[in-house]
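Treat the numbers as computed from the prediction; the structure is a model and nothing was measured.
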Protein chains: 2
Amino acid sequence: MSSNVREDIMAAARRAAQAHGYTGLNFRELAAEIGIKSASIHYHLPTKTDLGAAVAKRYWEDSQAVLDSLWNDGADPAGALRAYPGTFRQSLENGNRICLCSFMSAEYDDLPDPVRTEVSAFAEINLAWLARVLAAATGQDAAACGRRASAIFAAVAGAQLMARSRADIALFDGAIEGYREAGLLPA
Amino acid sequence: MSSNVREDIMAAARRAAQAHGYTGLNFRELAAEIGIKSASIHYHLPTKTDLGAAVAKRYWEDSQAVLDSLWNDGADPAGALRAYPGTFRQSLENGNRICLCSFMSAEYDDLPDPVRTEVSAFAEINLAWLARVLAAATGQDAAACGRRASAIFAAVAGAQLMARSRADIALFDGAIEGYREAGLLPA
DNA sequence: ACCTGAACACCGTTCAAGT
DNA sequence: ACCTGAACACCGTTCAAGT
């Protein structure tokens with residue numbers, strides 16, 4: 001069995017980053033949580049940049065898998081669209097956390113390039129998935145689906161951010177309901 | 001003339017917080033920008049909590065004034081609604097910055113209570129303004145306008161965040177256009 | 001292979017002391 | 001009233017030494 005420690009670091013760093021961001025990530029707290037010394041982390045992930053990039057990459061890979069399990073050229077694209085906000089709701093359920101990439105988007109100015117790359121990838125896979133689902137659900141052209149995908153992605157991330165600021169998941173549900181009533185999301 | 005220094009601190013802190021957040025706010029850089037020593041800032045704003053709360057309070061007060069100048073029980077509520085995303089666009093135009101309160105919403109876990117209070121106030125005045133404008137524009141009941149206000153506020157903040165993550169203001173415009181096409185915002 | 005203590009250079013925050 | 005020196009706590013990183 002190869003390193004469980006590296007996986008433990010990745011998991012703890014992901015949870016921490018979803019609550020405190022890249023800036024708020026620190027080796028000493030991470031190490032204490034895992035039960036090793038902070039210097040040991042550097043054996044697995046040499047620098048903070050490496051850690052941040054690895055965590056963000058894993059994050060969008062996991063998200064990609066979740067989205068693919070939700071819909072992948074199958075039936076019921078409208079149902080997948082209806083379920084999409086739920087993938088963001090989970091972070092709030094999990095200790096009022098938010099999307100790792102939303103937090104890191106705010107921190108854009110202070111992000112090393114390798115981390116920025118992975119944050120962009122998260123947006124890209126969400127946008128691409130939404131555009132494909134929208135095309136299947138509505139039959140509209142690629143440009144229209146792209147704009148709509150962009151609108152839905154930004155809107156759902158925004159709802160999550162607003163809910164976090166009050167530590168109230170009902171605010172998330174309210175905003176999503178508002179999107180449905182307005183026609184941005186399917187009822 | 002009372003303290004210009006305090007105003008200089010407030011202005012520099014606001015710009016910094018819109019780019020680096022509350023955590024990224026630091027006395028030494030602020031001081032260097034103003035031309036005093038970092039310890040001197042504490043004479044005007046005793047703690048980082050005081051600074052953060054003062055800056056966030058000023059931020060929503062200024063926003064309130066901007067919104068009131070945009071619409072205050074006058075004619076053309078639909079026009080005011082159309083202009084609303086522009087108030088968020090300005091931050092992006094200003095060095096790819098974002099709403100101070102969006103950044104601080106992400107940082108919720110690390111915010112002292114007095115700062116949280118002012119962050120909440122920003123959301124409240126936006127929500128209240130939007131609900132009033134929507135009521136005037138659509139004639140719908142208070143509950144429906146409240147949900148719609150919540151949806152618009154979250155969506156516009158989300159569009160801003162997404163645009164920052166790519167340093168591309170066209171992504172903001174694209175998402176807003178998507179909201180219009182979907183019917184969340186008036187065309 | 002994997003972990004650690006100790007040290008390094010650096011930085012934000014605080015407060016007693018200065019003028 | 002207004003400002004600062006200096007101490008303090010904490011950070012990411014390195015590296016020699018340990019198992």
J.: Within this structure, what is the NZ-to-P distance between A/Lys37 and C/dA7, rounded to whole angstrom?
T.: 16 Å

J.: I need the CD1-P distance between A/Ile9 and C/dC2, as an integer number of Å.
T.: 11 Å

J.: Any side-chain N or O of B/His42 under 4.0 Å from OP1/OP2 of D/dT4?
T.: no

J.: B/Lys48 has an atom NZ; how far is it from atom C1' of C/dT13, in whole Å?
T.: 10 Å

J.: A/Leu45 has an atom CG; how far is it from atom C1' of D/dT14, in whole Å?
T.: 16 Å

J.: By the 4.0 Å heavy-atom rule, please label A/Leu25 as base, sugar-phosphate, or nothing.
T.: sugar-phosphate

J.: Can a side chain N or O of A/Ser40 be found less than 4.0 Å away from OP1 or OP2 on C/dC2?
T.: no

J.: Between C/dT4 atom C1' and A/Arg28 atom CZ, what is the distance in whole Å?
T.: 13 Å

J.: What is the distance, to the nearest angstrom, from the CG atom on B/Asn4 to the C1' atom on D/dC2?
T.: 14 Å

J.: Closest to the A/Ala39 side chain: C/dT14, C/dC3, C/dT4?
T.: C/dT4

J.: Rounded to the nearest angstrom, tell me the gap between atom CG in B/Leu30 and atom P in C/dT14.
T.: 14 Å

J.: Whether the side chain of A/Gln64 engages the backbone of A/Ile125 through a donor-acceptor N/O pair (distance < 3.5 Å, no angle test) should be reported.
T.: no

J.: How is B/Tyr43 classified with respect to the nucleic acid when contacts are heavy atoms under 4.0 Å: base, sugar-phosphate, or nothing?
T.: base

J.: Under a 3.5 Å distance rule, please check whether A/Lys57 uses its side chain to pair with a backbone N or O of A/Ala121 as donor and acceptor.
T.: no

J.: Taking the six-membered ring for Trp and the single ring otherwise, decide whether the centroids of A/Tyr84 and A/Trp129 are under 6.0 Å apart.
T.: yes

J.: Separation of A/Ile41 atom CD1 from C/dA1 atom P, in whole Å?
T.: 20 Å

J.: Please pick, from D/dT4, D/dC3, D/dG12, the nucleotide with the shortest atom-to-atom distance to any side-chain atom of A/Phe27.
T.: D/dG12

J.: Should C/dT13 form a Watson-Crick or G-U wobble pair with both distances under 3.5 Å, which nucleotide is its partner?
T.: D/dA7

J.: Among C/dT4, C/dG12, C/dT14, which nucleotide sits nearest the side chain of B/Thr47?
T.: C/dT14

J.: Going by atom types alone, do A/Asn94 and A/Ser91 pair a side-chain donor with an acceptor below 3.5 Å?
T.: no

J.: With both distances kept under 3.5 Å, what pairs with D/dC2, Watson-Crick or G-U wobble?
T.: C/dG18

J.: Taking any heavy-atom pair under 4.0 Å as a contact, classify B/Ser38: base, sugar-phosphate, or nothing.
T.: base

J.: Would you call A/Asp109 and B/Arg164 a salt bridge, using N to O less than 4.0 angstrom?
T.: yes

J.: Quick check for you: among D/dT4, C/dC11, C/dC3, whose closest atom lies nearest to any side-chain atom of B/Ile36?
T.: D/dT4

